[in-house]
Amino acid sequence: MAKNERFLSVDIGAAAIKMGEFEFDQTGGMRMISFAHREYEEEISEDNRIRVIEGVLRQMLLEANIHTSRTMLSISGQTALIRFGQLNNLKNDKKQVRQLAEFEATRNLPFPLDQISMDFQLIASNEEALDTMDVLSVVVKKDIVQQIVQAVRRVGLSPQLVDVAPVACYNAARANGLGSDGCVILVSIGGRSTNLMFLEGNRFYARTIPIAGHSITQQISRKFSIGQPEAEELKRRHGFVARNEEEGTSETSGDVSKIVRQVMMRLFGEISRSIAIYKTQQHGSDPVKVYLTGGSTILTYCDQFFAEKFALPVEYFNPLGCIALDPVIDRQRFSEVAHTFSEVVGLALRYSTTCPVEINLLPREVASQQSLHYKKPYFVGAMVTLLLMFCLIYLGMQQALKETKAQKDAYEKVQATYKPAYEEIKRAVGEAEGALGQVNDQKGFLMQRAKWPMILEEIFRARPDYVWIDSIEPVFGDLPAIEQQSIVEEEEGNATGGDDMFSLGGMGSDSMTMSMDGSDMFGSGTGSNLPSLTTVGGVMIQAHTIRQKKDAFGKDPELAREPVYPFEVPEKEEASQESEEEAQYDDEGNEIPRPLEPDYQDQSGELLFVRNLKKSQLFSAEEEYTGVVSIQKSEYLENGNDFQIQLKFNVLVEAYPWSQSTTNASGMSGPGGGMN
């Protein structure tokens with residue numbers, strides 16, 4: 001602990017405030033360097049407590065010229081509820097002990113738990129009952145503590161703890177050796193209450209009795225029908241404890257002394273009852289001596305009264321035996337109030353040493369603020385350290401920035417050297433990418449042109465030998481569903497038809513006649529007059545065939561193996577009427593004929609043509625879009641039929657649509673032309 005460290009010890013009683021300023025000297029001893037004592041000028045209530053205490057404290061600090069802020073507080077025992085109980089001796093479970101002690105302290109309280117300040121202390125155990133522990137609990141309404149702390153802080157003081165007067169007085173008595181030779185009673189008679197304490201070795205028991213000096217003042221006020229201030233003045237001037245009922249030098253003093261004696265008799269009765277409780281409940285011994293302290297014990301013959309009633313030696317308690325008085329203190333003036341400073345000395349001991357009972361009722365929020373206040377220097381130091389760190393970081397960043405800038409300048413010089421070559425490479429890459437895009441476009445266009453020879457090749461691969469193709473016309477856009485125009489009737493086992501040739505379904509101005517190579521119909525794709533590409537959904541095939549006998553269709557036509565296409569072709573879904581048996585091919589790649597299934601035994605050339613077309617991966621096998629559109633008897637062949645077949649593509653095919661008036665370079669015209 002630092003030398004010459006000062007602090008205040010302030011006892012805020014019910015009738016007066018006592019204050020002592022203490023200092024630790026170079027040898028570690030504690031001494032009082034100044035003091036102050038002042039009574040309240042008006043009675044304290046809930047409404048004026050802060051104002052009255054603040055006013056009295058401010059006057060005391062000015063009169064005593066005290067500038068110390070660190071303060072130890074004690075409050076009147078009248079405002080506190082002090083209880084003693086016993087708990088099971090749970091030495092190894094501190095958490096459970098605390099829970100039981102808190103429960104014991106808050107049991108049967110007259111107000112809610114959130115409205116109290118509470119603390120407890122385990123005290124000396126009963127030697128005859130090692131399985132139990134004695135616990136002291138102190139409960140005070142939180143509003144009272146907060147108001148007192150607020151008043152103290154308003155005058156610039158910084159409270160470190162809040163004790164209660166009985167506990168502070170007990171610590172002072174223990175420091176002066178009371179109770180070491182047997183059980184003694186310490187009677188502290190204050191203004192509003194009397195604090196009764198039993199000291200027997202390490203054992204402690206206390207009780208607050210609401211009978212004190214104010215009780216005498218009230219009785220005098222009622223007796224003489226005067227106000228409280230006048231009654232208090234009459235008590236101080238004429239008051240003494242009458243040794244008998246008739247004692248008194250005058251009528252006034254006789255009446256006052258009788259009142260004092262009556263109140264003291266009531267107090268003696270309560271003390272006697274407390275002794276009985278201490279002996280029965282606390283298993284204490286009979287007291288061997290009585291000590292008096294407190295402001296109301298200065299009444300004349302008070303010590304003789306208690307000596308007579310208790311039949312025990314009685315003397316006044318001197319709390320200054322464990323401390324020293326500074327030479328600057330006025331001994332004569334201090335001797336007039338020394339008997340009221342027991343609590344002040346007990347509080348001072350809390351600051352310097354470890355006391356037998358240590359209670360602290362300081363609210364947690366105030367304690368946190370106080371802790372923060374004393375940590376401010378550390379926070380300031382931390383902020384300074386942090387600021388220095390930021391400064392060092394800033395300087396380091398500036399140095400790094402300077403080095404980075406130098407490296408950037410060097411890099412820019414190197415970059416300037418290679419930048420022309422980089423730009424040239426970048427330009428060449430751009431040209432190459434543009435050329436590659438053109439190549440890909442041309443490749444896609446050429447791939448579209450490559451599809452038409454493959455389509456024509458597949459059509460002719462599927463054509464039976466006795467079928468001749470007259471024309472192939474593309475259908476632009478979506479291919480319409482087949483609507484059969486005319487079907488010839490069978491005549492003597494041969495196909496016969498109607499007289500008229502019906503027009504193609506879905507054919508219009510967008511259809512056209514194409515030559516067998518199909519190369520000139522779409523041009524090269526580079527003409528400026530060409531329209532945009534249009535999807536070709538399929539083609540319409542105009543053909544004729546020779547009607548033959550039924551037994552001529554006893555075998556399938558021979559088909560070559562389907563080629564491998566240079567473009568992507570979707571998987572083929574076989575027509576429902578197709579056999580699941582795989583086709584067989586000879587060494588030259590021609591399909592080996594196999595007997596027709598019963599459904600195809602009577603098929604004519606146009607139906608076999610459709611069946612073969614559906615086998616190709618390029619064409620759809622859907623009955624709704626691929627099939628015979630019309631059949632009629634040939635006008636030129638006596639034994640022949642003219643027919644139309646609609647064929648849907650199974651791959652994406654695009655071409656440039658040509659109007660009817662347009663003629664390509666090869667002389668092929670629009671839909672009026674034909675292909676032989």
Side-chain angles (χ1 to χ4, degrees), residues 76-91 96-110 116 118-140 163-171 173-174 178-190 193-212 265-294 306 309-312 314 355-359:
S76 172
Q78 183 186 14
T79 61
L81 178 62
I82 301 176
R83 289 180 173 179
F84 291 85
Q86 289 186 342
L87 302 176
N88 292 331
N89 193 349
L90 303 171
K91 297 181 180 180
Q96 189 173 2
V97 170
R98 180 175 182 84
Q99 292 176 347
L100 291 174
E102 290 179 351
F103 172 76
E104 181 68 23
T106 57
R107 186 166 53 90
N108 300 325
L109 287 179
I116 65 170
M118 189 264 308
D119 199 5
F120 69 93
Q121 169 89 41
L122 296 176
I123 56 179
S125 302
N126 188 351
E127 297 179 356
E128 298 179 359
L130 297 177
D131 57 339
T132 61
M133 295 184 299
D134 294 336
V135 59
L136 163 67
S137 57
V138 181
V139 177
V140 182
D163 205 342
V164 289
V167 174
C169 188
Y170 169 77
N171 289 329
R174 283 289 301 274
L178 271 65
S180 59
D181 297 332
C183 178
V184 298
I185 301 175
L186 179 60
V187 182
S188 177
I189 306 175
S193 62
T194 296
N195 296 321
L196 177 65
M197 289 146 283
F198 292 84
L199 293 87
E200 184 178 0
N202 294 329
R203 184 176 296 168
F204 170 52
Y205 180 74
R207 182 168 177 249
T208 299
I209 303 172
I211 301 174
M265 286 297 295
R266 288 169 49 202
L267 179 59
F268 170 72
E270 288 295 327
I271 295 174
S272 299
R273 192 163 68 88
S274 300
I275 293 173
I277 294 174
Y278 174 71
K279 293 171 61 177
T280 56
Q281 295 184 1
Q282 302 297 321
H283 306 286
S285 305
D286 290 325
V288 297
K289 196 171 185 178
V290 178
Y291 288 90
L292 299 180
T293 186
F306 284 111
K309 292 301 179 182
F310 285 117
L312 294 172
V314 176
C355 296
V357 179
E358 295 185 340
I359 296 295

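Computed from a predicted model, the values in this text were never measured in an experiment.
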Working to the nearest 0.5 angstrom, can you tell me the gap between [X] [atom1] and [Y] [atom2]?
X: Asn171; Y: Met197; atom1: CG; atom2: CE; result: 10.5 Å
X: Ile277; Y: Leu196; atom1: CD1; atom2: CG; result: 10.0 Å
X: Lys279; Y: Asp286; atom1: NZ; atom2: CG; result: 3.5 Å
X: Leu136; Y: Ile359; atom1: CG; atom2: CD1; result: 5.0 Å
X: Met118; Y: Arg83; atom1: CE; atom2: CZ; result: 11.0 Å
X: Ile275; Y: Phe198; atom1: CD1; atom2: CZ; result: 5.0 Å

Run the side chain to side chain contact (heavy atoms under 4.5 Å, CB included) test against Glu270 and tell me which residues pass, sequence neighbours left out.
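Here the qualifying residues are Arg207, Ile209, Ile211, Arg273.
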Can you name the nearest heavy-atom pair linking [X] to [Y], along with the distance?
X: Tyr170; Y: Pro356; answer: CE2-CB, 4.0 Å
X: Val140; Y: Thr79; answer: CG1-O, 3.7 Å
X: Arg203; Y: Gly284; answer: NH1-CA, 3.4 Å
X: Gly77; Y: Pro166; answer: CA-CD, 3.9 Å
X: Lys309; Y: Met265; answer: CE-SD, 3.4 Å
X: Ala212; Y: Ser193; answer: CB-N, 3.4 Å

Side-chain donor/acceptor pairs under 3.5 Å, residues 180-190, sequence neighbours excluded:
| unit_1 | atom_1 | unit_2 | atom_2 | d |
| --- | --- | --- | --- | --- |
| Ser180 | OG | Gly177 | O | 2.9 |

Any side-chain heavy atom of Leu199 within less than 4.5 Å of one from Tyr291?
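No, their side chains stay 4.5 Å or more apart.
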Relative to each other, are the rings of Phe84 and Phe204 parallel, tilted or perpendicular (30° and 60° limits)?
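Rings of Phe84 and Phe204: perpendicular, as their planes differ by over 60°.
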Run the side-chain hydrogen bond (donor to acceptor under 3.5 Å, both in side chains) test against Thr293 and tell me which residues pass, sequence neighbours left out.
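So Thr293 forms a side-chain hydrogen bond (donor to acceptor under 3.5 Å, both in side chains) with Ser342.
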Do Gln281 and Tyr205 have a side chain donor and acceptor closer than 3.5 Å?
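Tyr205 and Gln281 do not have a side-chain donor-acceptor pair below 3.5 Å.
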From Asp163, Val138, Val167, residue fulfilling side-chain contact (heavy atoms from CB on, under 4.5 Å) relative to Val357
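Passing option: Val167.
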